[in-house]
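Note sheet for the following structure.
FYI, side chains are in, hydrogens and waters are out, and symmetry mates aren't considered; it's all heavy atoms of this structure.
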Amino acid sequence: MNDQRSAAEPAAAAVAVPEAVTALEGTGRSWADRRAALAPIALVIAGGLSVQFGSAVAALLMPKAGALGVVTLRLAAAALILLVICRPKLRGHSRADWGTVLAFGVAMGGMNTLFYLALDRIPLGIAVTLEVLGPLALSVFASRRLINVLWAGLALVGVVLLGGGGFDRLDPLGAAFALAAGAMWAAYIVFSARTGRRFPQADGLALAMVVAAVLSLPLGIIESGAKLTVPSTVALGAAVAVLSSVLPYTLELMALRRLPAPTFAVMMSLEPAIAAGAGFLILDQALSTTDALAIALVIGASIGAVRSRSGSAPRREV
């Protein structure tokens with residue numbers, strides 16, 4: 001599985017075809033095989049739960065540290081944690097390896113900064129609804145089968161429905177930040193997959209997190225200054241870092257080693273549903289019947305996208 005691919009290749013060919021898709025067919029395989037094959041899908045869902053509940057906690061922290069201050073605390077704490085745990089090696093990497101991890105760090109930092117700027121202006125569920133348009137667009141552009149485009153379209157209907165028809169009443173700058181965060185999220189998906197193939201374990205993630213933290217540090221200091229040194233604020237920032245960065249990014253990096261990027265991108269359609277649940281439980285944002293219908297659509301589209309890959313994706317030699 002150490003196959004290296006050119007950076008010019010499309011996202012659809014960026015990752016190995018997983019055993020997960022064949023498990024969904026269910027014939028001729030043991031339960032142990034199926035369980036192992038479904039692991040990358042479970043990793044993506046677990047990562048989504050972690051990052052969205054972390055975002056809800058971050059929303060509670062923003063009045064104390066500001067949007068950019070929260071980003072700085074989150075990324076800096078996550079970088080320190082990952083450096084201690086992973087102890088990545090700095091030698092033995094090519095220029096292309098470093099270019100990939102740098103691009104991954106820029107995408108990660110941009111995605112976080114833009115999303116928290118959006119979250120400071122619009123509700124969590126709608127912010128994620130707009131942001132997820134980036135991965136959905138990636139799934140459409142990278143897909144080679146009409147059925148995958150149709151599943152992405154169904155997910156898009158759910159995403160729009162989840163907005164409740166209230167996009168015209170949103171803060172326009174907040175909506176723009178969320179859409180820009182979605183574009184960076186699509187870049188994150190591509191470079192996360194490439195970084196996972198070029199660096200062992202989570203080494204590339206740790207190095208990219210350092211890049212993202214360094215980029216965010218000046219912005220956080222300018223906005224929040226001494227507020228970033230308050231012990232209670234630092235503690236909450238560390239909690240956000242674990243929930244929103246360390247756990248989900250590690251889980252997603254592991255998943256992307258075995259899950260095709262288009263399938264991963266469409267599965268990101270689950271994020272608005274998870275965000276809506278986190279907003280309800282932590283931020284008192286109630287769900288309507290329309291929200292429930294939207295959640296059913298994005299979940300159905302995600303399951304359909306995974307199943308549709310099972311009959312079409314060729315296996316790569318190991």
Side-chain angles (χ1 to χ4, degrees), residues 50-88 90 101-102 104-128 130-131 170-182 184-185 188 202 205-250 275 278-279 281-285:
S50 183
V51 74
Q52 296 308 331
F53 277 87
S55 295
V57 174
L60 298 176
L61 181 59
M62 282 182 186
K64 296 182 178 181
L68 297 177
V70 172
V71 173
T72 296
L73 286 173
R74 168 183 169 175
L75 295 178
L80 288 174
I81 293 170
L82 287 173
L83 286 176
V84 171
I85 294 175
C86 299
R87 298 181 182 181
L90 301 180
V101 84
L102 178 62
F104 185 25
V106 171
M108 189 186 304
M111 177 181 66
N112 280 281
T113 299
L114 291 165
F115 177 74
Y116 279 110
L117 287 172
L119 188 58
D120 196 34
R121 292 168 171 81
I122 59 179
L124 173 61
I126 295 180
V128 177
L130 290 171
E131 186 190 26
L170 293 180
D171 179 299
L173 187 57
F177 282 141
L179 290 171
M184 298 304 292
W185 192 358
Y188 160 84
L205 174 62
L207 295 172
M209 192 69 73
V210 172
V211 173
V214 169
L215 292 176
S216 72
L217 188 60
L219 300 176
I221 292 175
I222 291 172
E223 181 182 71
S224 304
K227 294 179 182 178
L228 299 180
T229 63
V230 177
S232 60
T233 301
V234 172
L236 281 175
V240 171
V242 172
L243 287 172
S244 296
S245 294
V246 177
L247 281 178
Y249 292 169
T250 300
L281 294 174
I282 298 179
L283 303 176
D284 279 337
Q285 298 173 352

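- Residues Gly174 and Ala118 approach most closely at O-CB, 3.3 Å, considering heavy atoms.
- Once rounded to the nearest 0.5 Å, the distance linking OG1 of Thr113 with CZ of Phe177 reads 10.0 Å.
- Not counting sequence neighbours, Glu131 has no partner by the side chain to side chain donor-acceptor pair (under 3.5 Å) test.
- Interatomic distance, NZ of Lys64 versus CG of Leu228, reported as 13.5 Å (0.5 Å rounding).
- Here the closest heavy-atom approach between residue Ser224 and residue Gly69 is recorded as OG-CA, 3.5 Å.
- Counting only heavy atoms from C-beta outward, the side chains of Val240 and Leu73 never approach each other to under 4.5 Å.
- Here the shortest heavy-atom pairing between Ala127 and Ile122 reads CA-CD1, 3.7 Å.
- Remark: the backbone N or O of Met108 is paired with a side-chain donor or acceptor of Asn112 at under 3.5 angstrom.
- Leu75 and Gly109 get closest at one heavy-atom pair: CD1-CA, 4.3 Å.
- A 4.5 Å side-chain heavy-atom check between Val106 and Tyr188 finds every atom pair outside the cut-off.
- In this structure, the separation between CG on Leu243 and OG on Ser55 is 9.5 Å, given to the nearest 0.5 Å.
- Contact annotation: the side chain of Met62 approaches that of Tyr116 to within less than 4.5 Å [non-hydrogen atoms, C-beta and beyond].
- Under the 3.5 Å distance criterion, the side-chain polar atoms of Arg121 are matched with a main-chain donor or acceptor of Leu117.
- Without hydrogens or angle criteria, Gln52 side chain to Ala278 main chain gives no donor-acceptor distance under 3.5 Å.
- Of the possible donor and acceptor atoms, none in the side chain of Ser50 sits under 3.5 Å from a partner among the backbone N and O of Leu247.
- Under the 4.5 Å side-chain criterion, counting only non-hydrogen atoms from C-beta, Phe53 is in contact with Ile282.
- With sequence neighbours excluded, the residues satisfying side chain to side chain contact (heavy atoms under 4.5 Å, CB included) with Ile81 are Ile85, Val242, Val246.
- Looking only at distances, no side-chain donor or acceptor of Ser244 sits under 3.5 Å from a matching main-chain atom of Ala241.
- Considering CD1 of Ile222 and OG1 of Thr72, their distance stands at 9.5 Å, rounded to 0.5 Å.
- Val214 is linked by a side chain to side chain contact (heavy atoms under 4.5 Å, CB included) to Val210, counting only residues two or more places apart in sequence or in another chain.
- Side-chain atoms of Val84 and Leu80, non-hydrogen and from C-beta on, never get closer than 4.5 Å to each other.
- To the nearest 0.5 Å, the span separating CG on Leu207 from CE on Met209 amounts to 11.0 Å.
- Of all heavy-atom pairs between Ala226 and Thr229, the closest is O-OG1, 2.7 Å.
- Ser216 places a side-chain N or O within 3.5 Å of a backbone atom of Ala213 that can act as its donor or acceptor partner.
- When all heavy atoms of Ala67 and Asp120 are compared, the closest pair comes out as CB-CB, 4.0 Å.
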